[in-house]
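Everything on this sheet refers to the single structure shown next.
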Number of protein chains: 2
Amino acid sequence: MAKMLRGATAQETHSAILDLIRSSGTVTRVDLAERSGLTGASISRVVKRLLADGLIIETGYGDPTGGKRATLLQFNPRARHAVGISVDTPSTTYVVTDMSGRVIEQVSSRGIGKDAPATAVRRITAELEDLMVKAEIEPSTLVGVGVALAGRQGRGGTRLLRTDSEKYAWEPFAVRDTLKAAIDHPIVVENDSTCAAIGEFWAGKIPSVNDFATVYMAAGFGLGLVTNGDVYRGSSSNVGEIGHMVLDVNGPMCWCGGQGCLESLAAPAAVVARAGKDEALADKLGLRGRRLSVRSDFAKIARLAAAGDPRCVELLEESATYLAKALLSITNLLDLEQIILAGPGFSEAGDIYVRVAATELNRLSFVRAMHPTRVELSKLGPSAAALGAASLVLHSQLTPHQNSRA
Amino acid sequence: MAKMLRGATAQETHSAILDLIRSSGTVTRVDLAERSGLTGASISRVVKRLLADGLIIETGYGDPTGGKRATLLQFNPRARHAVGISVDTPSTTYVVTDMSGRVIEQVSSRGIGKDAPATAVRRITAELEDLMVKAEIEPSTLVGVGVALAGRQGRGGTRLLRTDSEKYAWEPFAVRDTLKAAIDHPIVVENDSTCAAIGEFWAGKIPSVNDFATVYMAAGFGLGLVTNGDVYRGSSSNVGEIGHMVLDVNGPMCWCGGQGCLESLAAPAAVVARAGKDEALADKLGLRGRRLSVRSDFAKIARLAAAGDPRCVELLEESATYLAKALLSITNLLDLEQIILAGPGFSEAGDIYVRVAATELNRLSFVRAMHPTRVELSKLGPSAAALGAASLVLHSQLTPHQNSRA
DNA sequence: GCACTTTAGTACACAACGTAAGGAAGTGGC
DNA sequence: GCCACTTCCTTACGTTGTGTACTAAAGTGC
């Protein structure tokens, strides 16, 4: 057991106040005192320091209320920067953000495909350095680098789940140490769904909800959890493997060895497979006689559904119904107030998933009598994971908890 | 937002150190300094205070190690007491414990049955006062009273789920305020599965696992979560409603409105119903032509199964398999290290459930490559919830977090 | 213009922890 | 038996961060 006790250090108080300023937009010192529970005197001291560090700025005076007008304080997003990288099979996305989570620069390159881990990491390192130069980021203003990937934390470090249409393999993937050696900044590695969750919390400005989940759909499903405003990691940082929740004990076999898993019933591959069995639809989509990427076929179906094609809508509603059942179970289990749908899988026809899930939750959730459970699409778009990875870094810098092995 | 910042107050530090002493059995001041991260000087101060309060005692000297021998410190469990009450339809259980969670006095009375809430609470209050006198508890040594019940926290306070064989009803049940008026001590109300979880953590001495769940089976299923050594409550203290997890999307209708819920497939009522359809078994159990308590019939089946009756074993294995699927989903979702089965439902043939669940988790869980997920029966017996309610009070007293609205 | 309000900052007290130093109790060498 | 050394524990004092009380600054309204 390392250090287990520590008073509210300057560091913690400073970041807590900074976080208050950030999330409030524009505030006065008096507001801060009220909301933080600290006295005006303490706020004065902390604010003085934050101003000196350039992390906040004074931006004028508030409306008169019968006395001296208050000085308005604002977060200064451009004082520091963060980088987020989403590593996935079809593509790698790099994002540079300021401290408000706003994207300053964004670059995509080809995914890691079938590259050996060492090769892939080397390329990522090089591309990251190029990006830093291109975005003209003063190295001293870089808070850290976050990496989102479809992987898990194992005993021997990070392991990546590589999906190759039909094949699934876990591979060791030492991103952290390699990047650490190349650039002298904190590196945080986290799985993509967790990144999406924290990104939503941070950049998506979830309105005052502290317990929510983000469902991330790419090749499969993942769930990221934010509880009490902090990432929930579980006993070994492998939270959120919902792809293999059992939804039909007598259902079809899944590659994981189970039966009736969410993934085998509702993931893009399942939808595409069903489409392939429908001759008319398969012709329409050009599926016959070839083997293309599941993800692009799924995107095609989703686009047709969004355009109103009844058969495609039906296919997605089927997938959405399975997902809704899983979300119902999860909501009952964790008493969630809000669920966000994020990731490339929802980018074309996420509305269908939102509608089906919201209906199901309002009809059957156990907590619906106490509070509603909202279901919404992510506003971050397909780069939610990369943006989330950057947010994770911001989060560790701007919130008082020490929440990452950085 | 109330107070959000505060340094490690004396209160917090004292309880953290006290908790260290309790969980260590016998320690020296030097041990405490090492494990807490505090310096010897600070430990001296805190220990002096704990000794003065009678919460710990000096019990001799350690082995010589080439210098002055260390003074051994021990937790003094009898310095304070806690009361736990489990409120359920068939019976009410009262437990008085010392601070180590050891039961000093235990009393059962008839359950609340069909009593009106006000009547039931009045009786509970009276019985509690009798118990206090009988157990000869000095009021000043009582830390507080914990209440476990199959209910939820609603907008209007606690609500109780009353099961009457076939009928289910939510009733307002103002335990807290009524008890508060009768005795001048902190009252903590929590649902039975959460109580069982924290009781297991506290009195069951879970060996150094901080993330685990307790499944509580009575009339239905509930799940209590302990994460980072603290109770996880979710957004409105209604965590753990696993009874209506969807396990079979095409399964039988459930009273909740859903289909294929865990409860309708695996709860005691489902097992008894299946037994009733087996003519030979129904005769053997004396089920025919009468309508008795589901719980006592289930207990009878479980006893026969424990004795080896093949048909009864089969019935319980079926129920256990459904539960195992639910636990598999939950383990994948939350990355659990340990699952404890507790409550009256497991008291006769819990072994069968343990065996089936452990097999399933080791075969299919996603985290099994990283760490095993152990499944064990509670060592607390059928009064797990009551003991847990008492533990909840101890927990709030002995751990540095303020974790209950007491 | 003067009383009052509200904001912001200063001076000092208090609480909790760390550092440094020393006393207390024991071991082992000569 | 004396002395050097080790380990445990306490006391005295410094540091840090917060609260309280007071004051200065800036504005409003009769």
Side-chain angles (χ1 to χ4, degrees), chain A residues 1-18 20-21 24 26-53 56-74 400, chain B residues 1-21 24 26-53 56-74 400 402:
Chain A
M1 197 183 314
K3 247 180 155 59
M4 63 169 271
L5 282 176
R6 236 172 50 247
T9 62
Q11 176 72 309
E12 282 173 350
T13 307
H14 284 24
S15 39
I17 297 300
L18 182 56
L20 261 181
I21 298 172
S24 309
T26 303
V27 278
T28 67
R29 288 175 177 76
V30 176
D31 289 341
L32 290 175
E34 224 165 86
R35 295 215 246 170
S36 68
L38 294 182
T39 58
S42 300
I43 292 295
S44 247
R45 180 173 36 80
V46 173
V47 164
K48 187 189 284 180
R49 175 63 179 278
L50 293 175
L51 282 169
D53 288 351
I56 60 174
I57 42 179
E58 296 187 329
T59 58
Y61 298 94
D63 295 333
T65 56
K68 177 185 173 182
R69 293 197 295 168
T71 318
L72 298 181
L73 301 171
Q74 271 194 356
Chain B
M1 198 185 313
K3 244 180 161 56
M4 63 169 271
L5 282 178
R6 236 172 48 247
T9 63
Q11 176 74 308
E12 282 172 348
T13 307
H14 284 24
S15 39
I17 297 301
L18 183 55
D19 193 41
L20 262 182
I21 298 172
S24 308
T26 304
V27 278
T28 67
R29 287 174 175 79
V30 176
D31 290 341
L32 291 175
E34 223 164 87
R35 296 216 245 170
S36 68
L38 295 181
T39 58
S42 303
I43 293 294
S44 245
R45 180 173 38 79
V46 173
V47 164
K48 187 189 284 181
R49 176 59 180 278
L50 292 175
L51 281 168
D53 288 352
I56 59 174
I57 41 179
E58 297 187 329
T59 57
Y61 298 94
D63 294 333
T65 56
K68 178 184 172 182
R69 293 195 295 167
T71 317
L72 299 180
L73 301 171
Q74 271 194 356
Q402 108 261 36

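We name chains A, B, ... by the order of the sequence lines, and we start the count at 1 in each one.
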- Test side-chain contact (heavy atoms from CB on, under 4.5 Å) on A/L32 and A/I17 and set out the steps. CA-CA 7 Å; A/L32 290 175; A/I17 297 300; 4.2 Å; yes
- Item | Value in whole Å for how far the P atom of C/dA25 lies from CG of B/D63 | 19 Å
Show me, pair by pair, the donor-acceptor contacts under 3.5 angstrom made by side chains of residues 42-51 of chain B, not counting sequence neighbours?
unit_1 : atom_1 : unit_2 : atom_2 : d
B/S42  : OG     : B/T39  : OG1    : 3.3
B/R49  : NE     : B/D53  : OD2    : 3.4

Distances for protein N or O near nucleotides 6-10 of chain D N or O, under 3.5 Å:
unit_1 : atom_1 : unit_2 : atom_2 : d
D/dT6  : O2     : B/G66  : O      : 3.3
D/dT7  : O2     : B/K68  : N      : 3.1
D/dC9  : OP1    : B/T71  : N      : 2.5
D/dC9  : OP1    : B/T71  : OG1    : 2.7
D/dT10 : OP2    : B/R29  : NE     : 3.4
D/dT10 : OP2    : B/S44  : OG     : 2.1

- For the pair A/S24 (side chain) and A/T26 (backbone), establish whether a donor and an acceptor sit closer than 3.5 Å, ignoring hydrogens and angles. no
- Item | A/T39 side chain near D/dG19 phosphate (N/O to OP1/OP2, under 4.0 Å) | yes
- Donor-acceptor pair, B/T28 side chain versus B/D31 backbone, under 3.5 Å? yes
- Message: Just the rounded figure in Å: distance from P of C/dA8 to CD of A/E34.
- Response: 13 Å
- The side chain of B/L38 lies closest to which of these nucleotides: C/dT19, C/dC17, D/dT18? C/dC17
- For atom CG of A/L32 and atom C1' of C/dG9, their distance in whole Å: 16 Å
- In whole angstrom, give the distance that lies between atom CZ of B/R49 and atom P of C/dA16. 9 Å
- Message: My understanding is that only residues two or more places apart in sequence, or in another chain, count here; which of them pass side-chain hydrogen bond (donor to acceptor under 3.5 Å, both in side chains) with A/T71?
- Response: none
- Task: Kindly indicate, with the supporting measurements, whether the criterion salt bridge (charged side-chain N to carboxylate O under 4.0 Å, His left out) is fulfilled by B/E34 and B/R29.
- Result: CA-CA 9 Å; B/E34 223 164 87; B/R29 287 174 175 79; over 6 Å; no
